[in-house]
Amino acid sequence: MTENDWPLYEIFIRPRNGLAHRHVGSLHAPDPEMAIEMARDLYTRRGEGSSIWAVPSSAIAASSPDEKASLFEPAEDKDYRYPTHYKIPSDVKNM
Amino acid sequence: MYTQGLDGDIGPVREAETADEKALEARFQAKIDAEIRIEPDDWMPEGYRRTLIRQISQHAHSEIVGMLPEGNWVTRAPTLRRKAILLAKIQDEAGHGLYLYSACETLGVERAELVEQLLAGKAKYSSIFNYPTLSWADVGMIGWLVDGAAIMNQVPLQRCSYGPYARAMVRICKEESFHQRQGYEIVMTLAEGTPEQRRMVQESLDRWWWPALMMFGPPDSDSVHTAQSMKWKIKRVTNDELRQKFVDVTVPQAERLGLRIPDPELKWNPERGHYDFGPVPWEEFWRVIKGDGPCNRERLAQRRRAHEEGRWVREAALAHAEKRRLRSRAA
Ligand SMILES: [Fe+2]
Ligand SMILES: [Fe+2]
Ligand SMILES: [Fe+2]
């Protein structure tokens, strides 16, 4: 590794307890610990976070945009997964 | 503005030839027209990718070089409060540069390569940062006018068709508003101060006004690539429209402080509902862009020196990472 090829890390921040970590961007760092220190300076200068995850970008497997149809279309015609699919008379309360 | 509409100069681009390519391009444009954001792994025309790389990297370089004129005053800020504010602002600009480099990397270029282009003098950055900061009033003027112009330019970029660029812009815009307000506060303090302070701040406005208007780039009649960028929704508002908007909001802010805009032709035009203003000195703009502004050489030399002098830090970080790695393996 030279100074020009510090690996890329994806940075996730939890804004406050009770919320999920959310992807905020990426940065280059020599190791995971320093990635977290750098993410502190880069992404939380105004108290935006209470927890940081740094994940090597190379560890992320992503679905390809070309597979979008085969992956996601099966969910599209299953209307019965939504509560609005069911007709319940309006005089039935609390449902 | 930080890209000044010079971003169109991307060299020859191969046109779509096969039916397949043409279909992909049509589908791509349909997504853009439907306001669907383009994400890194999506198919995109070569020209779109290269236009973005050019524009985002110029924007990133501008944030980085933009730290230098302000850095000039850190040790001479008049109070501890002003010094802390200035440091925080400069640190934000470093952050903006890094958000933008990482947005640019999603298009398949390496940050190291972009930095190298900057240091080699092959990359462009905003002309505004090639002007010197001669007085403390200039620090206020930069916040008010330069960050003000940046905001005007960056707000529509939050809706840019390329997702990572648009998201970086959202973060950046949130941070910019303090930059402009702290600048206006400095200008206001001086404008309400002693006669000498008033003179200082007026003299500063006299120097920065025209360079600030140049930040929006050449007139629409000379920006050959605007139409394509608008069609791709990389750009949403033209250079001249942004410039007009900037003049319209800034003139009342100057009047409020009793400052005089150095333009004898500046006049409210009730029919247009806008200010008319005199011709921008475009010869000066092109001279600065081509490398012959007051500080071009100094800025690059300073960037190179900073890069060299920071080498040991990068090496130390690497050595530290290596040590940690070996230790954790031994444990
Ligand atoms: Fe900035
Ligand atoms: Fe900016
Ligand atoms: Fe700024």
Side-chain angles (χ1 to χ4, degrees), chain A residues 1-16 19-49 52-73 76, chain B residues 24 27-28 31 36 38-44 87-106 110-116 163-165 167-168 170-172 174-175 178 307 310-328:
Chain A
M1 193 165 44
T2 71
E3 56 162 293
N4 275 349
D5 52 20
W6 288 4
L8 195 62
Y9 289 85
E10 299 301 322
I11 304 301
F12 299 78
I13 306 253
R14 186 209 298 287
R16 54 175 199 278
L19 296 178
H21 285 78
R22 201 170 153 219
H23 184 242
V24 291
S26 58
L27 54 75
H28 290 276
D31 71 4
E33 284 88 349
M34 281 184 263
I36 288 173
E37 283 156 11
M38 289 173 174
R40 194 269 319 264
D41 289 342
L42 193 53
Y43 292 110
T44 67
R45 288 194 301 280
R46 289 173 177 78
E48 291 94 334
I52 299 173
W53 287 351
V55 180
S57 306
S58 58
I60 291 183
S63 67
S64 138
D66 305 333
E67 298 161 358
K68 211 167 158 188
S70 57
L71 279 176
F72 303 115
E73 258 166 29
E76 273 166 22
Chain B
L24 281 169
R27 210 177 325 144
F28 173 82
K31 272 168 86 175
I36 297 171
I38 306 302
E39 295 295 341
D41 291 334
D42 295 342
W43 186 90
M44 60 185 85
L87 278 168
K89 180 192 188 286
I90 293 171
Q91 195 188 6
D92 275 355
E93 306 299 3
H96 297 175
L98 291 175
Y99 305 154
L100 288 162
Y101 283 130
S102 68
C104 205
E105 286 197 308
T106 64
E110 290 285 322
R111 182 179 71 184
E113 190 185 323
L114 299 172
V115 170
E116 213 143 275
Y165 191 29
R167 291 191 287 276
V170 171
R171 271 197 99 78
I172 288 177
K174 240 184 247 166
E175 300 183 353
F178 122 68
H307 194 72
R311 185 178 298 282
W312 72 269
V313 179
R314 298 189 293 275
E315 286 170 359
L318 267 182
H320 186 59
E322 181 62 9
K323 195 176 73 187
R324 236 182 336 214
R325 200 178 58 82
L326 292 174
R327 199 183 294 149
S328 73

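Naming convention: chains lettered A, B, ... in sequence-line order (proteins, then strands); numbering from 1 in each chain.
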- Should B:Asp92 and B:His96 be marked as a side-chain contact (heavy atoms from CB on, under 4.5 Å) after you check the CA-CA gap, both sets of side-chain angles, and the distance that decides it? CA-CA 6 Å; B:Asp92 275 355; B:His96 297 175; 4.2 Å; yes
- Message: Under the criterion side-chain contact (heavy atoms from CB on, under 4.5 Å), I'd like the reasoning laid out for A:His28 against B:Glu105: C-alpha separation, chi angles, the key distance, then a yes or no.
- Response: CA-CA 11 Å; A:His28 290 276; B:Glu105 286 197 308; 2.8 Å; yes
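Of the two parts of B:Arg171, only the side chain, counted from C-beta on, holds a non-hydrogen atom closer than 4.5 Å to a non-hydrogen atom of chain A. B:Glu322 does not touch chain A: none of its heavy atoms, backbone or side chain, sits under 4.5 Å away. Of the two parts of B:Glu175, the backbone and the side chain both hold a non-hydrogen atom closer than 4.5 Å to a non-hydrogen atom of chain A. Interface remark: A:Leu27 contributes no atoms to any contact with chain B (heavy atom separation under 4.5 Å). Of the two parts of B:Arg167, neither the backbone nor the side chain holds a non-hydrogen atom closer than 4.5 Å to a non-hydrogen atom of chain A.
Note on ring orientation: taking the six-membered ring where Trp is involved, the planes of A:Tyr43 and B:Tyr99 are parallel (angle under 30°, cut-offs 30° and 60°).
Counting heavy-atom neighbours within 6.0 Å of A:Arg45 CZ, excluding the residue itself, gives a total above 12.
Evaluated for a salt bridge (charged side-chain N to carboxylate O under 4.0 Å, His left out) with A:Asp31, the options B:Arg324, B:Arg327, B:Lys323 yield exactly one hit, B:Arg324.
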